[in-house]
Number of protein chains: 2
Amino acid sequence: MTDVADAKLTLFFDFISPYAYVAHTQVHAIAQRTGRRVELVPVLFAAILDAHGQKGPAEIPAKRLYTFKDAFRKAHRHGLGGLVPPPSHPFNPLLALRVASVPMADDARHALVASIFDTAWRRGEAIDGVSGVTAAIERAGLDAKALLEAAGAAENKERLRTHTSEAIARGVFGVPTTDVDGELFWGTDGLEFVEAYLRGDDPLPRDLSWAERPASATRPGSRKA
Amino acid sequence: MTDVADAKLTLFFDFISPYAYVAHTQVHAIAQRTGRRVELVPVLFAAILDAHGQKGPAEIPAKRLYTFKDAFRKAHRHGLGGLVPPPSHPFNPLLALRVASVPMADDARHALVASIFDTAWRRGEAIDGVSGVTAAIERAGLDAKALLEAAGAAENKERLRTHTSEAIARGVFGVPTTDVDGELFWGTDGLEFVEAYLRGDDPLPRDLSWAERPASATRPGSRKA
């Protein structure tokens, strides 16, 4: 079914997520081993949370510190030596996401996205303003003035909105999400199943009707312990 | 600091969670390898979600099917051959949780909890009513009549509430959570870090001030993509 000439791994990401940083460092090697092209699609995590009426991990006090610790451990396990969070978090990722949404060749986008992620999560520098984003663009060897101008154009802002809406329509509920011909894998731990899936070694039965169980309890009814 | 004679691994769980089922099958081997005692503490996941104003994975339509698929894959990876969900989900887990909260010897509780989990997630049978819970108790070789009676006593209902509140106070925001001397590990993927932590191989720096970044954006301000 898939056009083999354009077989790809699509990574939906937001720079705000340390897990997206970790996943982004792994997806290229997985694509290379499986003969796929990496497609990096910036999306606004906040809009995805809004669409599902969900809280982000940084919005739940007990979960916030845990998320940093867990992402650090996962980054370490993947050979990244941990991570260094940016000076504030959550921060506004819009400018960085818009810059990464500007149409450009795959190689340029891969270098740009890697540089912005590294700036935020390896160098621990702010990417919510022009200066941090400019530095990241320049370290990727790209033209900061041209990219920042293109990023602010109305049609580019619309492009980020469209990519975010399309991700939500495909069933994306968090970042990072890896999309393999419509099959979604969430998070860095979901990413661990991508290669088995591509090899045809996914243990899931084809008939998923077993997973379509009706609910027999909803929260208001089970609230009292 | 820890009393070596009572060094333990505490697993906070709710039978409603397929990830808790998977974690529960792993925690005994980890405890054995690390010389710890397993303490199984039933908690009401719905009350934990309420306390944090959070939605459960089954309450977000796009996440619901994904959760089953992901839990199946994780169960398979841990040698369980997948899982078979109960006939309805979410279901009301209160009776099963109360039965598992009755004071009893560790061995009895371990057998009981394993039997209830197996009934729900390996046999795919309902555990939200007396008949399913009775069958699970009997397969564990315990006295169903006595346990059901003890489960319904006011002080036992209060015990489950207290355990749930204590878990929330310790920072538990989801199930399963493994508590190692106050350090929490969430989910089946968090559980993978427990042994390294106990060996003294946790890569986290002792100084966690790096993780205490202030927020510079909250959602209402970053909602527009």
Side-chain angles (χ1 to χ4, degrees), chain A residues 44 46-47 49-50 52-56 58-60 62-63 65-66 68-70 72-73 76 82 84-94 97 124 128 157 160-161 164 171-174 184 186 189-190 193 202-205 208 210-219 221-223 225, chain B residues 44 46-47 49-50 52-56 58-60 62-63 65-66 68-70 72-73 76 82 84-94 97 124 128 157 160-161 164 168 171-173 184 186 189-190 193 202-205 208 210-219 221-223 225:
Chain A
L44 184 68
L49 292 172
D50 277 348
H52 297 296
Q54 214 181 347
K55 284 190 180 180
E59 295 172 324
I60 298 160
K63 200 169 181 176
L65 176 60
Y66 182 82
F68 281 124
K69 291 164 75 171
D70 184 57
F72 187 102
R73 289 178 178 129
H76 188 270
V84 183
S88 65
H89 192 276
F91 56 81
N92 187 331
L94 265 181
L97 291 171
D128 55 357
K157 293 180 179 177
L160 175 58
R161 272 193 292 270
T164 303
V172 170
F173 53 84
L184 304 180
W186 175 47
D189 54 321
F193 295 117
D202 188 21
L204 271 190
L208 287 174
W210 56 268
E212 282 158 12
R213 303 301 207 225
S216 64
T218 51
R219 259 207 285 171
S222 60
R223 225 167 233 183
Chain B
L44 185 67
L49 292 172
D50 277 349
H52 297 296
Q54 214 181 347
K55 284 190 180 181
E59 294 171 325
I60 298 159
K63 202 169 179 175
L65 177 60
Y66 182 82
F68 280 124
K69 291 164 75 171
D70 185 56
F72 186 102
R73 289 178 177 128
H76 189 269
V84 182
S88 64
H89 192 275
F91 55 82
N92 188 331
L94 266 181
L97 291 170
D128 55 357
K157 294 180 180 179
L160 175 58
R161 273 193 291 270
T164 303
I168 294 166
V172 169
F173 53 83
L184 303 181
W186 176 46
D189 54 321
F193 295 118
D202 187 22
L204 270 191
L208 286 176
W210 56 267
E212 282 158 13
R213 305 301 210 224
S216 64
T218 51
R219 260 207 282 170
S222 59
R223 228 168 233 182

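Below, chains carry the letters A, B, ... as their sequence lines are ordered, and counting in each starts from 1.
Applying the ring pair (Phe, Tyr, Trp, His ring centres under 6.0 Å) rule to A/F173 yields the partners A/W186, B/Y66; only residues at least two apart in sequence or on another chain are considered. Under the side chain to side chain contact (heavy atoms under 4.5 Å, CB included) criterion, A/L184 pairs with A/V172, A/T177, A/D179, sequence neighbours left out.
Between chain A and the options B/G171, B/G56, B/P214, B/A62, heavy-atom pairs under 4.5 Å are most frequent for B/P214. Highest contact tally toward chain A, considering only B/G124, B/G190, B/P87, is held by B/P87 [criterion: heavy-atom pairs under 4.5 Å]. Of the listed residues A/G82, A/G53, A/A58, the one with more heavy-atom pairs under 4.5 angstrom with chain B than any other is A/G53.
A donor-acceptor contact shorter than 3.5 Å is absent between the side chain of B/K63 and the backbone of A/H52. In terms of modelled atom types and a separation under 3.5 Å, the side chain of A/R73 and the main chain of B/D202 share no donor-acceptor contact.
With a threshold of 4.5 angstrom between heavy atoms, B/L49 approaches chain A through its backbone and through its side chain.
Within the model, atoms CZ of A/F193 and NZ of B/K69 stand 12.5 Å from one another, a figure rounded to the nearest 0.5 Å.
Here the closest non-hydrogen pair linking A/A217 and B/F91 is CB-C, 3.4 Å. Among all heavy-atom pairs drawn from B/S88 and A/S216, the shortest one is OG-OG, 2.6 Å.
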